[in-house]
Amino acid sequence: MSFSFDGFRVGISFVMMCIVYKSAVNSLPELSPQKYFSTLQAGKASLAYFCQADSPSTSVFLEELNKAVKPLQDYGISVAKVNCVKEETSRYCGKEKDLMKAYLFRGNILLREFPTDTLFDENAIIAHVLFALLFNEVKYITTLEDLQNIENALKGKANIAFSYVRAIGTPEHRAVMEAAFVYGNTYQFVLTTETALLEGIGMEDIKYAHLYFFHCKSVLDLTQQCRRTLMGQPLTTLDIYRFIKSMEAPLLMKTEVAEDPQQVSTVHLQLGLPLVFIVSQQATYEADRRTAEWIAWRLLGKAGVLLLLRKRDSLEVDIPQQANVVFKREEGMPVEFLVLHDVDLVISYVENNTYIEERQEDETDDMEGPDMGMQDDEVAESVYRDRKRQLPLELTVELTGETFNATVMASDSIVLFYAGWQAVSMAFLHSYVDLAVKLKGTPTMLLTRINCANWPDVCTKENVTEFPVIKMYKEGENPVSYGGMLGTEDLLKFIQLNRISCPVNITSIQEAEEYLTGELYKDLIPYSGVSVLGLFSPTMTTAQEDFTEAGKYLKGCVITGIYSEEDVLILSNKYTATLPALLLARHKESLVESIPLANTHAQEIVQIITNALLETFPEITVENLPTYLGLQKPLLILFSDGIINPQYQKAMLTLIKEKHLDSVIPCWLNLKNTPVGRGILQVYFEVLPPLPLLVVVNLHSGGQVFAFPSDQAITEQNLLLWLKKLEAGLESHITILSAQEWKPPLPAYDFLRMMDAAASQHPTRKGPEYMKETDIQENDKQPEDKSAVRKGIKHWNRSNVFKAEKS
Amino acid sequence: MGLSPGLLLTMALCPALTLHPAEAQAPAHRDYCVLGAGPAGLQMAYFLQRAGRDYVVFERASGPGSFFTRYPRHRKLISINKRYTGRTNAEFNLRHDWNSLLSHDPRLLFRRYSQAYFPDAGDMVRYLGDFAGRLGLRVRYNTTIAHVTLDKDRRAWNGHYFILTDQKGQEYRCSVLLVATGLSVPNLVDFPGSEYVEGYESVSVDPEDFVGQNVLILGRGNSAFETAENILGVTNFVHMLSRSRVRLSWATHYVGDLRFRGPRAVNNGLLDTYQLKSLDGLLESDLTDLAVVKDPKGKLHVTLKFYLEDSNQSAEAIPLPQDDSDNFAMRVAYDRVIRCLGWKFDFSIFNKTLRLSSGSEFSKKYPLVRPSYESKGSRGLFVLGTASHSVDYRKSAGGFIHGFRYTVRAVHRLLEHRHHGVAWPATEHPITQLTSSVLRRVNEASGLYQMFSVLADVVLLKENGTAFEYLEEFPMQMLAQLEAVTGRQARHGLFVINMEYGRNFSGPDKDVFFYDRSVGYTEDAWQSNFLHPVIYYYRHLPTEQEVRFRPADWPLPRPAAIHHILEDFLTDWTAPVSHILPLRRFLENCLGTDLRSFYAESCFLFALTRQKLPPFCQQGYLRMQGLVGTGSLRQHRVESGLLQDYAAAGKRREDSGQWPGLREPVDQPQAPGPLDQPLNSNKEEL
């Protein structure tokens, strides 16, 4: 207790030092009667428990007494266990084992004796001892008349702290006594356990302990009653301290200078209480002051109230024109500007917000460490933050159990299976809606969705057990699951490329030429940079089947066509292909290359086409990185701020052509298109050199990152030299990527431990009848009136057959 | 989904069943014989039929559900028929449909059969008739199985056959016997004068017959209250007597206890009037101590057996309790005494060799079965339906249609594995789907909800914890034997998902409306009182010993970790921060991994800056199925501080060891540290 000891403090610490010197802290010294009395110092209080030497060394009482040693020492009260040996009998040593008592001395004067069952636990020991020592400071009363007498006597002189506790020795009683120990000189403490007394002053809730502050000091008219403030919190030492501290603060503080509320700090904030500024103007000052005073009384002990004078010419303080109340929840928090036209609204606003604030404080008290309740899943958090925005869902057709089959049978449809509570599928729903906006008015395919949280039977029937799933339903075909990136662009590509059959049947040489130049499906070229054409003579049926199967597999990913007319040789000759063959038309480069397909199975064809889709020097993006990672090679990345310098590109392409870069994947990253690249560079470089930067990242073995020296020009020769050195192991890496596993970001609540703790608390509820007091108190937190039914049954029980039998 | 070929085959075999008496020498064989075409028998028949098994149902009446043709006497069922829930989720809606059996046919939902919240028993008979008829279940009506014996045979599935003999002496030989005969024998009382007592099953239901009478009802179950309510208005008074205090189902969560409907109960008319201090009372006594004496006027007097012991039997001479105690509650004379004491299982048809014995003191009316519903006495004999209630008597809903439709399914799944090698159905998913899979089930599953603490879902982890299998509605007391009875492997740890009420909540003497009984903060979720999901984590399958000697009040042995999902009044456990986030933290801490989901952009960053990727990126992004997101969602990520805004990048140096996603937003002030809270340090010193 570091507050307001002032006068006591020196004495206490002195005593504590002495005690520490004599015995180990927290342990109960055991002395013989003679020894004990020799240690007693004049003016110092001491509690001694006299017991027979042969009595058991442990008991519930001794355990509790042991716990009380330290707190009592803090108040300068020593504690000892005195063993009554036969030879050294003392009159304090009881005759029988059961009748041993504890005695409180000041110096060598006996103040009180306590039967041990009075001191049933640590709280009771401290409460009783302080109660005995503070006999003069704390007036114990039993009638309303006593209270009135004290109140009348103190008007104009001192304030009163009046408390009601359910019983002597309870934790609340201890808290009051501890407060009295500190404030006993400043305020008159009055204590009662009489419920009638409490009811007499208008408090009906007698289940809990209460503390009132009677403002008597300012009362000059003896016929006038002292104002009372009820402490709203449970009676704990800390809360009583806060409460009394807030009673000491001036009722209404004025900040007539146009001070910035943000800078104002009073004792309230230190006590964890908020501040309320009532904004006033010169013209209405007097009325506002009265209102503020009224509010201040109502909020006494709950918040500090200040009167803030708005000065018209002051530009320093920026208070919105209409705001009449400023609320400052806690130190360092931004103030809130409020418009509250009613005193009650001010009160309730403060009370509600203070409650939340306290609750949060409790939480941080309870949990050491991070806030497990904080969302750290970016998908869940972003979807949650966006929940209030109305998505244009009407652009997609919502399906139900009743409409599902009819809809997907009637028209070619895309179905999004999602669950309203599942964040990933809801995040994708955003992209899906964006897609619907893009496709609005172009009748390609019906975009539909079904919420599996509402129609699980439909989803299960469609074999959907995870979310999200996207399927395409086309007449006469089995539904196809979409396996690409969950984003607008990729799904759009899938839908567009699915508009034509795959592979598409080309029927004439001219059509084939148009197909290869990109003329035939002009609008699809943006989605498929490569057009694939399979060339077969009409008799090559197996090869055609394999190719068709591969084409179907790649549906939605690339355009494929098939030509198997009699005049196919015209094409094979033109493109120097041996039948069966593949023609790959790269539209960007206007190149057509041919690949022979003799005895190639569908799977291999898929592989050939997929490889052909890879670029030699791609711009790496979020979307395409996984494709290149699959090659399991180190990446050679050129980071460029914007479009790549043609010189560098040329250098790289030359090296690629000369097969110097076969062991790596050469690529470049445009920071304008892929801003997250900056985050990557921050990991690679301690000090970020100027762009462009060229690095080799060995992702698959070791995680080393090597940087091309930034003082060298990116030329073929320099690059080649560097790569050679790298290969020879002569370059040292700038960093190694973390190989750390992905562990749980935060711990979970340990409910098992909490349940154990709760379970282990029950058996300790032993002890003498005083425990009933605490029991009652806990049970009483639930209202006693059980349902009327039960009362009635109780009533009937009294006259039941068993009673009759016994009588 | 058409009928499976196996089913067609057995249907073709059907005519063989109609044996001529001359051929009765060799008993007809069936793999599965079901006794009783009540709800449980028909439910089992449905599953057997769908699986294409060789089965037959024996029913002594001429149609299904014969119990409901007579009972309850006053025709009102106490199982709710909530036709509208505001939800379209068919599985969820079964939580509020207590009468339907499970089938694939949406026409066979009970709400199509009755408009009433508490439907008429006649509707149930009609429903069961349609269920058997429409689904083409194979039931032999008018066949009373009079006797069941065992025939030891090493070739039989279970080492013996069950030989059933019907009323005509026809024998049937069955590999598996499924007893779904319900509780069919009325509980009787035996005390001096019990011959004056009328039975619930035969007493008049016409209130006119009770006008101006004094009535004593023995029993305090639903049938007693049903009887009392019917005559309440015309009698002088009704007294009720039983050994146990009246229990209200809202205080015990037990459906069998007296049931309330909203503010008023189905059968609580008596309680209402009782509260108004009318003469109609509830008394407590042990029925076996009673005696009823008839006086010359034909009035019945209640006394105690103990008074009769030394006296002669004439009514005038018998001492009555009221002779000594003038406020003895039953001091008046009664015109009628009615017994409404419920029913018990009919043990009489089972030969002793079947060792079908009755349960413990508290469930004497039920045959003793294992948690797998198999008889403790003979392998291959399963008890289904109401008669199987000893497993969860007074705890869960296994004695009622809405409960046993799921336990019957569980028994069928056990049989499918035992005799046909079909593993317990399961779906396999990548570990990233774990949180969603659990959430989906706790939010919609009806079997988990109805059969709380009896049936539980089980998640079996695969090696390395990268994938899992999800098994639904497994009898949780069988957990130790899971591998043997399901054909699934549980080598790498498992989760059990159960629904539970709070431990300090339920019980006949507890006031369910006590103050502050619901819990609102996630860290207090373990104190939740209402039915809420509880997830147990085990590193290894518990042993039988561990299951048997588990701590008192625990439905399962002590797990390595446990999670309670915070109770919710709407049983909607989908709140992102209150429900989903703590669940995810629990699961990922059990698995030792990070189960967060990430946008493709984050996965891209991780892929190029870390050697390892979180499961979500591995299983999604790396397989070219990353979540791209939209601009507005990206903006929210930046605002939430979970994403550094590289586009507006200030070139800050990266702190090694911490990845950007978790970093505090740059511009916001740091959260106040402990130094800013001087009061806390005070607290320490106190």
Side-chain angles (χ1 to χ4, degrees), chain A residues 1-2 237-238 272 372-373 375 377-382 384-386 421-422 424 427 430-431 434 454 456-457 465-466 485-487 622 625-626 675-676 678-680 682-683 688 703 737-739 741-742 744-745 747-749 751-752 754-755 782-783 786 788-789 792 796 799-801 804 807, chain B residues 88-91 275 281 284-285 321 324-325 327-329 427 433 436 511 514-515 522-523 526 561-562 564 574 576-577 585-586 588-589 593-594 596-597 600-601 604-605 608-612 614 622 624 626-630 633 636-637 640 642 646-647 649 651 654 660 679 682-683 685-686:
Chain A
M1 214 189 271
S2 66
T237 316
L238 184 65
M372 290 179 261
Q375 184 63 270
D377 183 308
E378 58 177 12
V379 180
E381 179 66 11
S382 58
Y384 182 72
R385 282 175 180 249
D386 203 56
W421 48 265
Q422 209 249 4
V424 174
H430 284 70
S431 301
D434 282 0
N454 296 336
D457 30 355
T465 51
E466 299 170 5
M485 282 277 188
L486 299 174
V622 170
L625 176 71
V676 69
R678 289 189 195 279
I680 296 167
Q682 282 170 16
V683 175
L688 196 61
L737 300 182
S738 162
E741 298 283 347
W742 286 80
Y749 295 119
F751 287 141
L752 203 55
M754 296 185 205
M755 291 163 81
Q782 307 154 8
K786 304 280 170 176
V789 180
W796 277 96
S799 54
N800 71 10
V801 183
S807 61
Chain B
T88 57
N89 187 317
E91 175 69 18
Q275 285 166 42
E284 300 202 9
S285 179
D324 299 329
S325 166
N327 69 346
F328 176 61
T427 50
Q433 291 286 333
S436 290
D511 180 0
F514 70 80
Y515 171 70
T522 49
E523 67 269 34
W526 62 281
I562 196 167
H564 291 254
T574 58
V577 173
R585 294 212 191 287
F586 168 74
E588 59 192 9
N589 276 280
T593 190
D594 186 330
R596 284 178 295 183
S597 44
E601 192 179 3
F604 177 81
L605 175 71
L608 288 174
T609 56
R610 319 236 332 189
Q611 295 191 48
K612 305 243 164 75
L622 278 196
M624 283 164 265
L627 180 65
V628 178
T630 63
L633 291 173
H636 284 298
R637 282 155 67 206
S640 71
L642 288 168
Y646 295 107
K651 297 188 171 96
E654 187 78 15
L679 288 172
N682 277 346
K683 211 185 214 170
E685 282 177 50
L686 287 169

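Here is the naming used below: chain letters follow the sequence lines, and residue numbers restart at 1 for every chain.
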Less than 4.5 Å to any heavy atom of chain B: does that hold for the side chain of [X], its backbone, both, or neither?
{"X": "A:Asn454", "result": "both"}
{"X": "A:Asp386", "result": "both"}
{"X": "A:Gln375", "result": "both"}
{"X": "A:Tyr384", "result": "side chain"}

(message) Run B:Trp526 and A:Leu752 through side-chain contact (heavy atoms from CB on, under 4.5 Å) and show every step you take.
(response) CA-CA 9 Å; B:Trp526 62 281; A:Leu752 203 55; over 6 Å; no
[atom2] on [Y] to [atom1] on [X], rounded to 0.5 Å:
{"X": "A:Asp377", "Y": "B:Arg585", "atom1": "CG", "atom2": "CZ", "answer": "9.5 Å"}
{"X": "A:Ser431", "Y": "A:Met485", "atom1": "OG", "atom2": "CE", "answer": "12.0 Å"}
{"X": "B:Leu608", "Y": "A:Leu625", "atom1": "CG", "atom2": "CG", "answer": "5.0 Å"}

In terms of heavy-atom pairs under 4.5 Å, which option from [options] contacts chain A the most?
{"options": "B:Val628, B:Asn589, B:Thr427", "answer": "B:Asn589"}
{"options": "B:Leu622, B:Leu627, B:Val577", "answer": "B:Leu627"}
{"options": "B:Ala600, B:Gly629, B:Ala90, B:Ser436", "answer": "B:Ser436"}
{"options": "B:Thr630, B:Ile562, B:Thr574, B:Thr593", "answer": "B:Thr593"}

(request) Name the option with the most non-hydrogen atom pairs under 4.5 Å to chain B; the candidates are A:Gly487, A:Ala739, A:Ala380. (result) A:Ala739
(message) Check this for me: does any side-chain nitrogen of one of B:Arg637 and B:Glu601 sit under 4.0 Å from a carboxylate oxygen of the other?
(response) yes
(request) For B:Gln611, enumerate each residue passing the side chain to side chain donor-acceptor pair (under 3.5 Å) test, keeping only those at least two apart in sequence or located in another chain. (result) none
(message) Quick check: do A:Pro745 and B:Arg596 have side-chain heavy atoms less than 4.5 Å from each other?
(response) yes
